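Report on the following structure.
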There are 2 protein chains.
Amino acid sequence: MDSSTPASAQPPRAVVRPASGMVAASNGSAPVIVTTDIGTPRPLSTRSVSPKPPRASIRDVARESGVSLTTVSLVLNKNDSRISAATRQRVLDAMERLAYTPSRLARGLPNRRAKTLAVLVPALQHAFADVYFGEIISGIYEAAAERDFHIVLEVARREYVRRKEYMTLLDDCSVDGILFIGATEEHRWLSEFDGSTKPMVVVNNHFRQWKLHSVVCDYPSAGRMAADTLIEMGHKRIGHISGPSDMVLTSQELTDSFLERLGDHGVRLDQRHIVDGQFLVETGRLACDELLKRDPRLSAVFCANDKMALGAYQSVRAAGLVPGKDVSIMGCDDIPTAALSDPPLTTIRMNFFEVGAAACRRMLEMIEDPARAADFTMQRIPVAMAIRGSCAAPVVRPAKK
Amino acid sequence: MDSSTPASAQPPRAVVRPASGMVAASNGSAPVIVTTDIGTPRPLSTRSVSPKPPRASIRDVARESGVSLTTVSLVLNKNDSRISAATRQRVLDAMERLAYTPSRLARGLPNRRAKTLAVLVPALQHAFADVYFGEIISGIYEAAAERDFHIVLEVARREYVRRKEYMTLLDDCSVDGILFIGATEEHRWLSEFDGSTKPMVVVNNHFRQWKLHSVVCDYPSAGRMAADTLIEMGHKRIGHISGPSDMVLTSQELTDSFLERLGDHGVRLDQRHIVDGQFLVETGRLACDELLKRDPRLSAVFCANDKMALGAYQSVRAAGLVPGKDVSIMGCDDIPTAALSDPPLTTIRMNFFEVGAAACRRMLEMIEDPARAADFTMQRIPVAMAIRGSCAAPVVRPAKK
DNA sequence: TCCCGTCAGTAAAACATTTTACCGCAAACC
DNA sequence: GGTTTGCGGTAAAATGTTTTACTGACGGGA
């Protein structure tokens, strides 16, 4: 969960050839852009070039339908009870005729509500391109759209946090609440929301030290399911590639419950069998290298997310072994790639879409009834095992060399 | 690019086991949610529960610093020229003391500018979880943030389009411009923007029949590079899995330039060697099945995107062949998974991040100088070959059976 | 001395809504 | 017959800015 990727964590470098006569994308940095303007310059249109064309306002509707501003406003807000059906219809007709659309900006002003939520993500490389974030955002979007709320995107870069722009966002009236994805212990500024009834929901992580609203996957169950599954298959020599458990509580929950359940079954892992893989493909690969070095006869590895599991595939292959046969590999998350890898990855399915949607619904509740914001809750979303080809009964293999 | 996925296109079904004593995620539909409220109810805080706490307004700053509203506004907007240094400082100090933040809502009202752009995506399954969209959105975000613009997300569902909400969005004043990702020929409503100077930019596609602003990858170059690379390696029996070229012009460009260049090299593909793979993993797999059926001695397949190439891997393996050895596979896009597949996928690297950023910069230009919106341009972003293990010189293999 | 221009700043209108408090009228109640 | 009540509606204040057009003071040139 760190924005800087260690040099060792680069994907295997491909040979990159520039198109002939064209500047190539230089490694990592932004490529030089060759602009080809093929647009046909058109004559300027005759209509005014003023910022916006004149639009019908509520005032126009009032005049057109012969009622007062208030009446139009009431009809608009379905606060109709004391408006007669006839009048209402007149107003609606006028709106129709004038193609009237209320201004979101102006509507928000008087009661300071923007009908907009901010989705805040940490400043990772191209954060929005990550399935994990993407899936959550899709869920948030869906739940927000149902109530006619908009979603704005925000990235919490260092500057952003230093200047407390997340607060500005709220004071701004440009946003009614903040949903924070990818929160870690590193984000100390969350303490500002500790016990406060400000509209903030932490998505898929939570904190012991602060009272904050949160919605998370059921990681304790996930850990137990992983342990049960591997034990049932007959594994005894098990390795674990954890997430950064000191930074992410949900990651800690997963690891703890996994180890505890293994212990219940009489299998005790010591520190030699556990390596932190930082949730990334490349560090996952390195972690697995390390595990296999420490115990070359490992029969199964449980990875705290699918990306690291994909790294583990590479590591196992590099050791001359076959993933899913010589070494069973289990992931967590069920990202789309999981089912496509070879062999298909056994993993724990997490419904991130639902996590996002639930978090958003919680947020909307708080906004509608601020009193409820005072009791802080954590909601758990259930998970399920997805068993595929990458896990099987252990095969005994001779110690190498 | 269709929102409904054919039943045949489901990923290989995994065995899904519910956690004991817990409701499982039912296939496809939203899982039943088990809510675990572990929040400690806290006493309501004593502070008022009114919608928002009172904030300092520009008026307060004016009073505090003993100047007029106008002066404060001028300082705020760095329209300082006619304000003396001393006064400016007094105002800035007052702002500091009162922790003043201007209201975005109120600022937008007078000149009808929200300093916000909308990113519109078609109603695909969890669109935001797609790397392709995500990468573009990241680019847009970055370019927008530089100029202090916000990004709001919008999904163009059928209802949305029918009610012309994209127009509402603009009239609304809630948004200053629209960036449309994932546009296809299906989106007929784009004709409303044909030749209009309304702030709309189409991202990574363009149209022959309409004058619209657009920024796209250099697909013609990409097609030629693909052809050159395969020919150089010695391939003659080449198959092509295209995108939906009737719906997406960039896809057509890629296919056309690929075929043309192959022709230049004396290799002519007829319709038997080309199958539409709809840009999806599963349909890509099926398309490759079909190609191999039609010509079992195919030595290379060029896929119009990486997802279909991953499907092709499955298909080739299912035929008992080894991808990258028996059949060379080339993709297009260079999504993160490409480098992780086995063998790593040879593909054409497209800088979607930059496409998004460039599109956004174009948008901002138009907003700042509406006159420029009148000449419609298309901008091309260069691409590069990324050669990895999935392509090699052809090996002759006996006709099967 | 008068006129003009510049400097430094201000008053007030405009933007498009919501919301609060009120009003006139008729029917119902005692 | 006077008071209440409810209905259908309205006037006006409030929300927080930007922008246009103005003002007063002061210095310089004729």
Side-chain angles (χ1 to χ4, degrees), chain A residues 50-91 94-95 98-115 168 170-174 176, chain B residues 50-91 94-95 98-116 148 168 170-174 176:
Chain A
S50 73
K52 303 258 179 173
R55 332 174 312 109
S57 84
I58 197 173
R59 202 162 257 106
D60 301 316
V61 177
R63 195 179 322 111
E64 175 85 7
S65 55
V67 299
S68 72
L69 290 190
T70 314
T71 307
V72 178
S73 175
L74 291 175
V75 170
L76 196 60
N77 293 288
K78 316 250 189 291
N79 230 346
D80 290 83
S81 49
R82 47 185 191 169
I83 305 295
S84 71
T87 308
R88 182 188 2 267
Q89 198 52 51
R90 275 223 315 290
V91 172
M95 287 182 180
L98 299 174
Y100 167 73
T101 49
S103 152
R104 229 178 157 100
L105 243 42
R107 280 188 114 165
L109 241 204
N111 48 15
R112 295 160 166 191
R113 290 193 157 205
K115 277 217 162 198
T168 307
L170 290 174
D171 294 343
D172 231 358
C173 306
S174 67
D176 301 319
Chain B
S50 73
K52 302 258 179 170
R55 333 174 311 110
S57 84
I58 197 173
R59 201 161 256 108
D60 301 316
V61 177
R63 193 178 325 109
E64 175 85 7
S65 55
V67 299
S68 72
L69 290 190
T70 314
T71 306
V72 178
S73 175
L74 291 176
V75 170
L76 196 60
N77 293 289
K78 316 249 189 293
N79 232 345
D80 290 85
S81 49
R82 47 182 190 173
I83 305 296
S84 71
T87 308
R88 181 186 4 266
Q89 198 51 52
R90 274 223 316 290
V91 172
M95 285 182 180
L98 299 175
Y100 167 73
T101 49
S103 151
R104 230 179 158 98
L105 244 42
R107 280 189 115 165
L109 242 204
N111 48 15
R112 295 161 167 192
R113 288 194 159 203
K115 277 217 165 200
T116 303
D148 198 27
T168 308
L170 290 173
D171 295 342
D172 231 358
C173 306
S174 68
D176 301 318

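Keep in mind that this is a model prediction, so the values were computed, not measured. Residue numbering restarts at 1 for every chain, and letters A, B, ... go by the order of the sequence lines.
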Kindly compute the distance separating CG (A:Leu69) from CG (A:Leu76), expressed to the nearest 0.5 Å.
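Interatomic distance, A:Leu69 CG to A:Leu76 CG, rounded to 0.5 Å: 12.0 Å.
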Starting at CD1 of B:Ile83, measure out to OG1 of B:Thr70 and round the result to the nearest 0.5 Å.
9.0 Å
What string of B, S and - do you get for nucleotides 13-18 of chain C 5' to 3' if you count protein non-hydrogen atoms under 4.0 Å?
--BBBB
Which heavy atom in [X] sits nearest to a heavy atom in [Y], and how many Å separate them?
{"X": "B:Arg90", "Y": "B:Ser65", "value": "NE-O, 3.1 Å"}
{"X": "B:Leu105", "Y": "A:Ala114", "value": "CD1-CB, 4.4 Å"}
{"X": "B:Asn77", "Y": "B:Arg107", "value": "OD1-NH2, 3.0 Å"}
{"X": "A:Val91", "Y": "A:Val61", "value": "O-CG1, 4.1 Å"}
{"X": "A:Asp176", "Y": "A:Lys115", "value": "OD2-N, 2.6 Å"}

For A:Ser84, report the nucleic acid contact type (base, sugar-phosphate, nothing); a contact means any heavy atom under 4.0 Å.
sugar-phosphate
With sequence neighbours excluded, tell me which residues meet side chain to side chain donor-acceptor pair (under 3.5 Å) with B:Ser84.
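Side chain to side chain donor-acceptor pair (under 3.5 Å) check on B:Ser84 returns B:Thr87.
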Residue pairs meeting salt bridge (Lys or Arg N to Asp or Glu O under 4.0 Å), one or both in residues 60-76 of chain A, sequence neighbours left out, come to A:Asp60-A:Arg63, A:Glu64-A:Arg97
Using the test salt bridge (charged side-chain N to carboxylate O under 4.0 Å, His left out), find all partners of B:Arg88 that sit at least two apart in sequence or belong to another chain.
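In terms of salt bridge (charged side-chain N to carboxylate O under 4.0 Å, His left out), with neighbours along the sequence ignored, B:Arg88 is linked to B:Asp80.
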Angle, rounded to 10°, between the helical axes spanning five pairs at each terminus of the helix from C:dT1-D:dA30 to C:dC30-D:dG1?
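Here the helix ends are tilted 60° relative to one another.
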Does B:Ser68 have a side-chain nitrogen or oxygen under 4.0 Å from the phosphate oxygens OP1 or OP2 of C:dG9?
no
Rounded off to whole Å, could you give me the CZ-to-P distance for the A:Arg82 and C:dC23 pair?
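Computing the A:Arg82:CZ to C:dC23:P distance gives 14 Å.
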Name the first nucleotide and the last nucleotide along DNA chain D (5' to 3') that come under 4.0 Å of a heavy atom in chain A.
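Both ends considered, the range comes out as D:dG8 to D:dG16.
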